[in-house]
Amino acid sequence: MQEYSLQMRKEGKKIGFVPTMGYLHEGHLSLVRKAREASDVVVVSTFVNPTQFAPNEDFSKYPRDEQKDKMLLENEKVDAVFIPSPEEIYLRGFQTYVEVGEITRGLEGQSRPTHFKGVTTIVTILFNSVMPHVAVFGQKDAQQAVVIKRMVQDLRMNIEIIVHPIVREKDGLALSSRNIYLSEKERKDALVLSSSLRYASEMIASGEMDSGEIIGEMRKKIEAVDSSSLDYIKIVDAETFEEAPSLSQGGKYYILVACRIGKTRLIDNLLVNTGKSELFV
Ligand code: AMP
């Protein structure tokens, strides 16, 4: 991988990179198209990273379809696909990790305490392998994108990070590889994540600025769905990821929700800009 990238760099090509865990969908492909726009050569990795899953999580049953992924990426005319094995990534005797501080503690980090250490470590290894100029991440994992940006800045990694909006089904469900776990009924129930976010955006558009009120209404909607088990709803400052007890005019915030539908843990979020009313896509 490094040899390829060094050659591309020697030829003066700008390398765009999209790291994924495979089982690709339109959300991933939108990142690939964004990388294409921003660079000359596009590299996509597919690697289900064991260190970002806790022992009780779905690592072994995480969906995989290498052939289909390769076909989709070929259709997108990506220049290289990087599919390393766990042994190639985690060399014998591996013992070096990258850990970002405060912003990894709340939200996903609170529910999944070892998750971000796994993410920042694998992303560093992938960055050092692919040596991109630009990397594209999805707003779907909004906290992850902020954590990666922090890491890149703190460790002086010379890589531009682009964050691309969430791709949704027509009915609002955010695309996710994990949607495959949902039964037909759960698939319908899962719409409560996006519909409660939409409801929150309507509350804000009509002047509600109290986070507690907004979260309370969202909670009611989610808890009314029998297959749901709410993990968190949070409203945070979009830059710092610090909790915002109330919204102020002209501010930018993420409303984030994590919820189990049946056994499947789903996340979704909405970026709100209280100065404007372009609230929901
Ligand atoms: P994953 O394969 O789930 O690790 O995701 C790889 C990248 O795709 C991450 O940057 C995700 O945020 C992004 N992604 C996943 N789902 C979506 C979506 N529905 N819309 C946009 N980006 C997404």
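Numbering of ligands and ligand atoms starts at 1, following listing order.
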Measure up the Phe127 and Phe137 rings against each other and bin them: parallel (under 30°), tilted (30 to 60°), perpendicular (over 60°). perpendicular
Give me the ring orientation class for Phe241 and Tyr254: parallel if the planes are under 30° apart, tilted from 30 to 60°, perpendicular past 60°. tilted
Out of Leu31, Asp141, Leu173, Val32, whose heavy atom sits nearest atom 7 (C) of ligand 1? Leu31
Using a 4.0 Å cutoff against the non-hydrogen atoms of Pro19, which atoms of ligand 1 qualify? 6 (C), 7 (C)
Closest non-hydrogen protein atom to atom 21 (C) of ligand 1, residue and atom name please, with distance? Pro165 O, 3.5 Å
How far is atom 4 (O) of ligand 1 from the closest protein heavy atom, and which atom is that? Met21 CG, 3.4 Å
For Asp231, which residues count as a salt bridge (charged side-chain N to carboxylate O under 4.0 Å, His left out) partner, sequence neighbours excluded? Arg265
If we number the atoms of ligand 1 from 1 as shown, the ones under 4.0 Å from a heavy atom of Phe137 are 10 (O)
Taking atom 22 (N) of ligand 1 as the reference point, the nearest protein heavy atom with its distance: Gly138 CA, 3.6 Å
Tell me, which protein residue and heavy-atom name are nearest atom 14 (N) of ligand 1, and how many Å apart are they? Lys140 CB, 4.1 Å
State whether the side chain of Asn179 and the backbone N or O of Arg187 hold a donor-acceptor pair below 3.5 Å, judged by distance alone. no
pair Glu108-Asp141: side-chain heavy atoms closer than 4.5 Å: no
Strictly below 4.0 Å, N to O, side chains only: are Lys70 and Glu66 in salt-bridge contact? yes
Which protein heavy atom lies closest to atom 20 (N) of ligand 1, and at what distance to 0.1 Å? Val167 N, 2.9 Å
Check each of His28, Glu26, Gln144, Arg178 against atom 1 (P) of ligand 1 and report the one with the nearest heavy atom. His28
Geometric N/O contact Leu175 with ligand 1, under 3.5 angstrom: yes
Are any of the side-chain nitrogens in Asp58 or Arg178 under 4.0 Å away from the carboxylate oxygens of its partner? yes
